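Since the model is a prediction, treat every value here as computed from it, not as a measurement. When reading the values below, keep in mind they use all heavy atoms of this one structure, side chains included, and skip hydrogens, waters and symmetry mates.
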Amino acid sequence: MLRNQFKDDYSQFVRLSGKGRVVDDICYVGDYYVLPLDKAGKRKSNLANLGFAAALMLIQVAAGMVNQDSSRTFWIVYPYLFIFLPLAYLFVGVFSSWGDPVRMQKAQYETGLARMRRSSIGAMALSAFSAVLDAVYMLLHHGEIRMGRELLYLSCHILFLAAAFLYGAYYNKTYGGLRIEKSESKLE
């Protein structure tokens with residue numbers, strides 16, 4: 001069963017309007033996540049996030065174009081294909097955070113910035129796993145394969161990991177000063 005994880009961040013008040021009608025007022029009472037950026041800095045960070053996500057996707061697609069001998073082995077192909085899932089999720093987070101304000105509600109933070117961090121970590125883990133599996137494949141089939149293409153495929157994974165680590169450093173530098181503010185209605 002689906003559960004709304006953000007339902008406790010909202011409060012509903014019933015009041016009587018001036019015309020005698022019952023009106024439901026819904027008010028946000030959760031925490032606010034405040035970025036250490038102004039609006040221009042947020043626009044620049046949105047473009048940088050999109051650029052990093054596009055670069056990671058481009059490296060992953062380029063790895064698929066190598067056509068190495070191990071691409072015909074299921075325990076090499078499936079981890080490669082599964083990397084596209086967190087990459088797609090990374091793009092969802094990038095576009096979700098595009099219109100968010102500098103002072104975000106918890107739902108905006110979780111579906112934007114936190115989603116980008118989690119999905120890039122997942123893509124890095126899967127890429128490292130794929131690189132290890134490809135290295136094992138090269139050791140097992142050393143004399144039977146075209147080693148140049150296998151090394152090119154492995155270097156694509158290493159390039160992917162380097163770009164993802166660079167993105168992680170950028171993310172930590174840009175969003176490291178994130179502040180959490182309590183809502184005024186919780187303070188009372």
Side-chain angles (χ1 to χ4, degrees), residues 2-10 28-66 76-134 152-184:
L2 294 176
R3 184 176 90 69
N4 185 356
Q5 63 179 344
F6 306 114
K7 69 177 175 62
D8 295 334
D9 293 335
Y10 295 91
Y28 181 74
V29 294
D31 296 336
Y32 285 97
Y33 294 80
V34 182
L35 294 176
L37 305 168
D38 57 349
K39 287 184 180 184
K42 176 129 178 14
R43 263 183 265 135
K44 288 179 185 176
S45 73
N46 286 338
L47 290 174
N49 290 332
L50 182 61
F52 274 114
L56 291 174
M57 184 64 84
L58 184 66
I59 293 168
Q60 186 65 14
V61 169
M65 298 289 180
V66 172
I76 300 293
V77 171
Y78 288 133
Y80 164 78
L81 291 175
F82 282 128
I83 297 173
F84 284 103
L85 296 174
L87 283 179
Y89 208 52
L90 175 64
F91 273 103
V92 170
V94 167
F95 289 120
S96 174
S97 72
W98 200 275
D100 291 345
V102 175
R103 186 173 185 246
M104 300 176 284
Q105 297 177 359
K106 184 178 180 182
Q108 293 169 325
Y109 170 74
E110 288 291 328
T111 59
L113 289 179
R115 178 177 287 169
M116 288 188 296
R117 181 178 45 83
R118 286 190 305 263
S119 59
S120 60
I121 289 171
M124 286 172 58
L126 285 172
S127 184
F129 183 65
S130 278
V132 168
L133 287 178
D134 193 50
L152 182 60
Y153 179 72
L154 185 61
S155 66
C156 284
H157 282 300
I158 292 169
L159 181 63
F160 184 93
L161 287 171
F165 275 115
L166 186 64
Y167 177 59
Y170 169 78
Y171 184 93
N172 289 339
K173 180 183 169 205
T174 305
Y175 304 114
L178 183 81
R179 285 189 343 263
I180 299 176
E181 289 181 357
K182 300 290 182 191
S183 180
E184 289 90 23

Visitor: For residues 32-61, which residue pairs qualify under salt bridge (Lys or Arg N to Asp or Glu O under 4.0 Å), counting only residues two or more places apart or in two chains?
Guide: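 Found none.
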
Visitor: I need the minimum non-hydrogen distance between Leu154 and Ala131, along with the two atoms involved.
Guide: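 The answer is CD1-O, 3.4 Å.
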
Visitor: Can you check side chain to side chain contact (heavy atoms under 4.5 Å, CB included) on Arg179 and Tyr32, steps first, answer last?
Guide: CA-CA 8 Å; Arg179 285 189 343 263; Tyr32 285 97; over 6 Å; no

Visitor: Kindly give the heavy-atom pair with the smallest separation between Tyr175 and Leu37, and that separation in Å.
Guide: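 Result for this residue pair: CE2-CD1, 4.1 Å.
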
Visitor: List the atom of Ile180, the atom of Asp31, and the distance in Å for their closest heavy-atom pair.
Guide: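 Between these two residues, the closest heavy atoms are CG2-CB, 3.8 Å.
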
Visitor: Could you check if a side-chain atom of Leu178 sits within less than 4.5 angstrom of a side-chain atom of Val34, using non-hydrogen atoms only?
Guide: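 Heavy-atom side-chain distance check fails, nothing below 4.5 Å.
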
Visitor: Mind checking the CE-OG spacing from Met116 to Ser97? Nearest 0.5 Å is all I need.
Guide: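 Atom-to-atom, Met116:CE and Ser97:OG are 4.0 Å apart.
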
Visitor: Using a 6.0 Å cut-off, check whether atom OH of Tyr78 has over 12 heavy atoms from anything other than its own residue.
Guide: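 Open.
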
Visitor: List the steps, then state whether side chain to side chain contact (heavy atoms under 4.5 Å, CB included) holds for Phe82 with Val77.
Guide: CA-CA 9 Å; Phe82 282 128; Val77 171; over 6 Å; no

Visitor: Which atom names give the shortest non-hydrogen contact between Arg103 and Gln108, and what distance separates them?
Guide: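 Closest heavy-atom pair between Arg103 and Gln108: O-OE1, 4.4 Å.
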
Visitor: Please give me the minimum heavy-atom distance between Leu90 and Ser119, naming the atom from each residue.
Guide: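 Closest heavy-atom pair between Leu90 and Ser119: CA-OG, 3.2 Å.
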
Visitor: According to the interplanar angle, ranging from 0 to 90°, do the rings of Phe91 and Phe95 count as parallel (below 30°), tilted (30 to 60°) or perpendicular (above 60°)?
Guide: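 Geometry flag for Phe95 against Phe91: parallel rings.
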
Visitor: Take a 6.0 Å sphere around CZ of Phe129 and say whether it holds more than 12 heavy atoms from other residues, nucleotides or ligands.
Guide: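 Incorrect, the count does not exceed 12.
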
Visitor: Please check if the side chain of Thr111 supplies one atom and the backbone of Ala107 the other of a donor-acceptor pair under 3.5 Å.
Guide: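 Yes, because the side chain of Thr111 sits within donor-acceptor range (under 3.5 Å) of the backbone of Ala107.
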
Visitor: Just verifying a value: how many Å separate Leu56 CG and Leu159 CG, rounded to the nearest 0.5 Å?
Guide: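 Rounded to the nearest 0.5 Å, the CG-CG separation comes to 9.0 Å.
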
Visitor: Just by distance, with hydrogens left out, do Glu110 and Tyr33 show a side-chain donor and acceptor under 3.5 Å apart?
Guide: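 Result is no, nothing qualifies.
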
Visitor: If I compare all heavy atoms of Leu161 with all of Met124, which pair ends up nearest, and what's the gap?
Guide: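 Heavy atoms of Leu161 and Met124 come nearest at CD2-O, 3.3 Å.
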
Visitor: Begin with the C-alpha distance, continue with both residues' side-chain angles, and end with the deciding distance and a verdict on side chain to side chain contact (heavy atoms under 4.5 Å, CB included) for Ile83 and His157.
Guide: CA-CA 11 Å; Ile83 297 173; His157 282 300; 4.1 Å; yes

Visitor: Tyr80 versus Asp134: any side-chain heavy-atom pair under 4.5 Å?
Guide: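 No, side chains not in contact.
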
Visitor: How many angstroms lie between atom CZ of Phe52 and atom OH of Tyr171, to the nearest 0.5 angstrom?
Guide: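 Separation between the atoms: 13.5 Å.
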
Visitor: Report the distance from atom OG of Ser155 to atom CZ of Phe160, rounding to the nearest 0.5 Å.
Guide: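 Ser155 OG to Phe160 CZ: 14.0 Å, rounded to 0.5 Å.
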
Visitor: Decide if atom OH of Tyr170 counts as having more than 12 heavy atoms of other residues, nucleotides or ligands within a radius under 6.0 Å.
Guide: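 More than 12 within 6.0 Å, yes.
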
Visitor: After noting the C-alpha distance and the side-chain angles of Asn49 and Thr174, does the key distance pass the side chain to side chain contact (heavy atoms under 4.5 Å, CB included) rule?
Guide: CA-CA 11 Å; Asn49 290 332; Thr174 305; over 6 Å; no

Visitor: Any side-chain heavy atom of Leu113 sitting closer than 4.5 Å to one from Leu35?
Guide: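 Side-chain contact under 4.5 Å: yes.
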
